[in-house]
Novice: 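My questions will all concern the structure given below.
Since we're looking at a predicted model, the values are computed, not measured. Chain identifiers are assigned alphabetically (A, B, ...) following the order of the sequence lines, protein sequences preceding nucleic acid strands; residue numbering begins at 1 within each chain.
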Amino acid sequence: MAELNAMRHSAAHIMAEAIQRLYPAAQFAYGPETEDGFYYDVKLPEGSITEEDLPRIEKIMREIIKGKHLFARELIPREEALKLFADQKFKVLTLNNLLKDEPVVSVYRQGGFVDLCRGPHVSNTAEIGAVKLDRIAGSYWLGDAKNEPLQRVYGLCFPTKQELDEYVHRMEEARKRDHRLTGKQLKLFSFHDEGPGFPFMLPKGRTLFNLLVAYNRANNDARGYVEIHTPAMLVEDLWKTSGHAEYYREHMYFAEVDERQFAIKPMNCPGGLLVFREELRSYRDLPMRVAEFGLVHRHELSGVLHGLFRVRAFTQDDAHIYCAPEDLRKEIVDIIDLTLETYRDFGFNEFTIYVATRPEKAIGEPEAWERATAALKEALDAKGMAYKIKEGEGAFYGPKIEFNVKDCIGRQWQLGTAQVDFFLPQRFGLEYIGADGAAHTPVMIHRAIFGSLERFLGILIEQTMGAFPAWIAPTQATVLPITDAQNEVARGVWARLKKAGVRAELDVSPERLQKKIRNAQLQKIPYMLVLGGKEAESGMVAPRLRDGRDLGAMPLEDFIAGFKRVEAARAQELWLE
RNA sequence: GCCAGCGUAGCUCAGUGGUAGAGCAGCUGAUUCGUAAUCAGCAGGUCGUGGGUUCAAUCCCCACCGCUGGCUCCA
């Protein structure tokens with residue numbers, strides 16, 4: 001791995017040399033290796049690098065690689081390096097900041113190019129394997145949007161041409177899983193110019209969505225949650241109390257009505273807090289677990305929108321748990337259990353857990369943040385769950401546990417979350433009367449299992465490629481009469497299925513059976529009930545499964561019974577023997 | 001929001017400085033056919049929007065909108 005990294009990092013230097021040949025005034029920032037290659041952040045003083053440049057850069061890189069130039073490491077005094085890189089402003093900045101206390105720095109030379117670099121590198125350029133420039137993206141100096149914008153040129157680099165080709169092929173295949181493609185093919189959801197970032201749920205997508213809600217609601221009920229619904233729009237004063245008006249303003253939509261300023265909710269918590277405060281609460285009422293399927297609107301930057309994964313309006317399977325401080329850990333453990341159970345039911349076994357800590361813009365005392373963060377870590381430790389820390393990535397009101405999963409091409413997305421919050425209860429003056437007769441402030445936990453139903457649906461689509469397990473497939477079965485002569489019987493079969501609670505369709509189009517099957521396959525419908533003359537006479541159907549298996553003729557009631565077993569088991573398999 | 005690319009029929013895509021095609025889908029007709037595409041005909045687009053250059057723009061230029069990939073940000 002170390003060698004591969006050195007090779008990729010060396011490829012970045014070679015790309016920089018190639019770019020410098022084409023654009024002698026190019027300024028170079030950082031050029032590290034990545035999981036599949038490398039990139040280099042570059043600034044052209046005039047104009048910019050475009051895709052047309054990539055083949056030219058690649059060609060020069062190949063020449064350099066063939067040239068077998070040695071990578072020579074030199075240690076030079078920092079002062080000397082400052083002179084050497086006098087016309088490379090980002091190198092000067094690095095020398096004067098990151099490396100300001102280093103008396104000696106290392107530089108690497110290969111051919112006609114020299115770069116400030118810690119190394120290591122391969123010994124000569126011919127040791128670079130297969131290289132392919134991938135794409136150009138924007139970036140910022142030191143990754144900060146307030147700094148100078150740069151261009152990031154990404155390259156792929158593998159030891160052999162074969163590995164590179166395999167990787168490219170694998171990525172092409174993975175891209176076919178994209179939920180945006182499947183969503184269009186299966187007519188699950190859509191987007192329109194008239195509402196950028198606002199998803200439209202089509203009948204089949206909405207069916208899936210409703211099934212997710214029903215699933216989650218059943219779990220909540222079993223665990224002593226109650227459910228509420230709070231308004232989409234509330235007066236701005238409320239958002240001042242909650243801190244959103246100050247800490248979350250740029251993500252919010254506002255409206256003025258009757259000379260009063262309103263905000264559309266970006267989160268459900270403030271509304272929920274008002275409900276808690278409606279009555280005098282007793283310690284006997286706690287923990288109070290209050291769920292809400294809340295549609296929130298957040299004005300996200302246009303460039304970050306991404307199918308169902310990143311939208312401007314989405315539904316959270318939200319819940320707020322109010323409890324006494326001593327119950328905190330138990331409640332968090334319960335949330336972790338519920339989350340893992342849910343993910344398992346949907347076939348997700350690979351996810352990463354993070355604990356996100358206090359961000360720069362935050363309300364409350366650092367000491368309370370410490371306690372809240374510790375509570376989250378202790379709960380995870382108690383469950384023996386491995387997790388990583390995301391410094392400064394908590395919500396403005398509290399630290400959080402994040403459950404992240406990967407999409408088809410390896411990007412990570414957050415689904416579930418559990419957030420401890422000492423501050424909003426305080427700001428809203430929440431109280432409960434303790435056993436001691438005195439008023440106490442409850443602790444609040446914000447939690448979501450799916451996170452965003454839309455995002456979860458997107459992930460589910462990518463995982464299944466639209467071939468959903470039978471229990472959640474929007475259309476579970478379709479009845480396929482072979483000729484018009486069976487249409488009437490087919491209609492009866494269809495009605496029977498509907499009555500039995502099967503989400504069924506009927507295809508009486510004047511097409512041949514092959515075509516009907518093909519259409520059903522393309523829609524990834526799990527069960528195709530073929531109905532020919534033989535079956536029509538005997539009250540049978542001949543189920544064909546989505547995976548191609550032909551179960552042969554069987555009485556309709558037998559099919560329904562078998563289907564019910566699969567559905568009840570939430571089985572990944574389509575038929576249980 | 002930033003950088004680059006893209007935007008042609010419902011969908012997938014071809015194409016040209018002289019106002020556009022294909023396949024699928026749709027409609028009509030014929031076919032009634034046992035496990036992934038029956039045949040024929042018809043219809044369908046102010047080529048994202050608005051400016052500009054030009055005798056003439058879908059094609060060239062500019063702006064805007066949207067989408068894609070990344071950056072930053074996030075469920």
Side-chain angles (χ1 to χ4, degrees), chain A residues 39 41-44 48-54 134-154 175 178 180-181 184-185 187 191-197 248 250-251 266-267 296 298-318 356 359 393 395 400 402-404 409 411 413-417 446 448-456 458-459 480-487 510-522 528 530-535 542-546 548-553:
Chain A
Y39 68 77
D41 280 346
V42 185
K43 174 82 185 179
L44 298 189
S48 51
I49 298 174
T50 69
E51 276 175 19
E52 286 169 14
D53 292 321
L54 295 185
D134 194 28
R135 55 185 186 251
I136 303 166
S139 67
Y140 302 97
W141 169 240
L142 301 180
D144 191 329
K146 289 190 281 290
N147 287 342
E148 189 164 359
L150 308 170
Q151 284 191 292
R152 179 168 297 179
V153 186
Y154 282 92
R175 280 177 213 284
D178 195 314
R180 292 166 301 187
L181 300 176
K184 198 173 265 183
Q185 285 157 2
K187 299 186 181 172
F191 287 92
H192 298 268
D193 286 3
E194 290 82 351
Y248 210 71
E250 63 270 31
H251 294 295
M267 295 186 194
V296 295
R298 299 181 181 178
H299 181 75
E300 303 291 352
L301 258 21
S302 60
V304 309
L305 301 178
H306 185 94
L308 291 181
F309 288 165
R310 195 75 185 277
V311 292
R312 285 178 170 153
F314 59 97
T315 310
Q316 295 181 306
D317 59 328
D318 211 349
E393 298 203 14
K400 63 184 181 185
E402 286 183 15
F403 294 89
N404 286 35
I409 61 169
R411 290 174 292 215
W413 299 92
Q414 181 186 325
L415 294 178
T417 178
H446 309 245
I449 310 296
F450 294 134
S452 145
L453 288 157
E454 287 79 358
R455 177 179 287 180
F456 187 85
I459 292 284
L480 308 181
I482 295 180
T483 72
D484 290 355
Q486 288 86 47
N487 281 359
E511 297 290 349
R512 297 163 60 182
L513 179 63
Q514 286 104 304
K515 184 63 173 293
K516 293 185 182 185
I517 287 177
R518 177 181 158 77
N519 287 341
Q521 285 290 148
L522 292 175
M528 289 154 247
V530 176
L531 192 60
K534 283 180 283 182
E535 290 81 10
R544 177 198 207 269
L545 306 187
R546 182 174 57 200
R549 270 187 290 166
D550 182 351
L551 298 186

Novice: Check the phosphate of B/U68 against A/R175, side-chain N and O only, distance under 4.0 Å to OP1 or OP2. Yes or no?
Specialist: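 For B/U68, neither OP1 nor OP2 has a side-chain N or O of A/R175 closer than 4.0 Å.
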
Novice: Hey, what do you get for CZ (A/R310) to CH2 (A/W413), rounding to the nearest 0.5 Å?
Specialist: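 If we round to the nearest 0.5 Å, A/R310:CZ and A/W413:CH2 are 7.0 Å apart.
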
Novice: Would you say a side-chain N or O of A/K400 is under 4.0 Å from OP1 or OP2 of B/A75?
Specialist: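 Yes, A/K400 has a side-chain N/O under 4.0 Å of OP1/OP2 on B/A75.
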
Novice: Tell me if a side-chain donor or acceptor on A/E454 pairs with a main-chain N or O of A/T315 at a distance below 3.5 Å.
Specialist: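 Yes.
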
Novice: Are any of A/R512's side-chain N or O atoms less than 4.0 Å away from OP1 or OP2 of B/U35?
Specialist: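 Negative; the distance criterion is not met.
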
Novice: Distance criterion of 3.5 Å, no angle test: do you see the side chain of A/R310 paired donor-to-acceptor with the base of B/C73?
Specialist: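 It does, because a donor-acceptor pair links the side chain of A/R310 to the base of B/C73 below 3.5 Å.
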
Novice: Report the distance from atom CG of A/N519 to atom C1' of B/G26, rounded to the nearest whole Å.
Specialist: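 Whole-Å distance recorded here is 13 Å.
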
Novice: Among the nucleotides B/A75, B/U68, B/C71, which one has an atom lying closest to any side-chain atom of A/V304?
Specialist: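 Nearest listed nucleotide: B/C71.
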
Novice: For B/C3, does the base pair up with any side-chain atom of A/R135 as donor and acceptor (N or O, under 3.5 Å, distance only)?
Specialist: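 Side chain to base: no pair present.
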
Novice: Under 6.0 Å from the CD atom of A/E250, do we count more than 12 heavy atoms belonging to anything else shown?
Specialist: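 Enclosed: over 12 neighbouring heavy atoms sit under 6.0 Å from CD of A/E250.
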
Novice: A/R411 side chain N/O closer than 4.0 Å to the phosphate oxygens (OP1, OP2) of B/G69?
Specialist: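 Yes.
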
Novice: Across the strands shown, which category fits A/D484 at heavy-atom distances under 4.0 angstrom: base, sugar-phosphate, nothing?
Specialist: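 A/D484: base contact, heavy atoms under 4.0 Å.
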
Novice: On the side chain of A/Q486, is there an atom forming a donor-acceptor pair with the base of B/G34 - under 3.5 Å, no angle test?
Specialist: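 When only heavy-atom distances are counted, A/Q486 does not reach the base of B/G34 through any donor-acceptor pair under 3.5 Å.
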
Novice: Let me know the distance between CD of A/E51 and C1' of B/C6, rounded to the nearest Å.
Specialist: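 Rounded to whole Å, this separation is 9 Å.
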
Novice: Just to be sure I understand the rule, does A/H192 reach a base, reach only the sugar-phosphate, or reach nothing, if contact means heavy atoms closer than 4.0 Å?
Specialist: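 It contacts nothing in the nucleic acid.
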
Novice: Heavy atoms under 4.0 Å, any strand shown: does A/L480 hit a base, just sugar-phosphate, or nothing?
Specialist: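 The answer is nothing, as A/L480 stays clear of every strand by at least 4.0 Å.
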
Novice: Using a 3.5 Å distance criterion without hydrogens, assess whether the side chain of A/D317 forms a donor-acceptor pair with backbone atoms of A/F450.
Specialist: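 Such a contact is found between A/D317 side chain and A/F450 backbone.
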
Novice: With both distances kept under 3.5 Å, what pairs with B/G45, Watson-Crick or G-U wobble?
Specialist: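 Across all strands, not a single nucleotide pairs with B/G45.
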
Novice: If the plane angle is over 60° it's perpendicular, under 30° parallel, otherwise tilted; pick one for A/F309 and A/H306.
Specialist: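 Parallel.
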
Novice: Answer with base, sugar-phosphate or nothing: what part of the nucleic acid does A/F450 contact at a heavy-atom distance below 4.0 Å?
Specialist: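 No contact at all - A/F450 keeps every heavy atom at 4.0 Å or more from the nucleic acid.
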
Novice: How close or far is atom C1' of B/G34 from atom NZ of A/K515, stated in whole angstroms?
Specialist: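 Going from NZ in A/K515 over to C1' in B/G34 covers 17 Å.
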
Novice: Can you tell me the Watson-Crick or wobble partner of B/G69, both distances under 3.5 angstrom?
Specialist: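 The base-pairing partner of B/G69, which may sit in any strand shown, is B/C3.
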
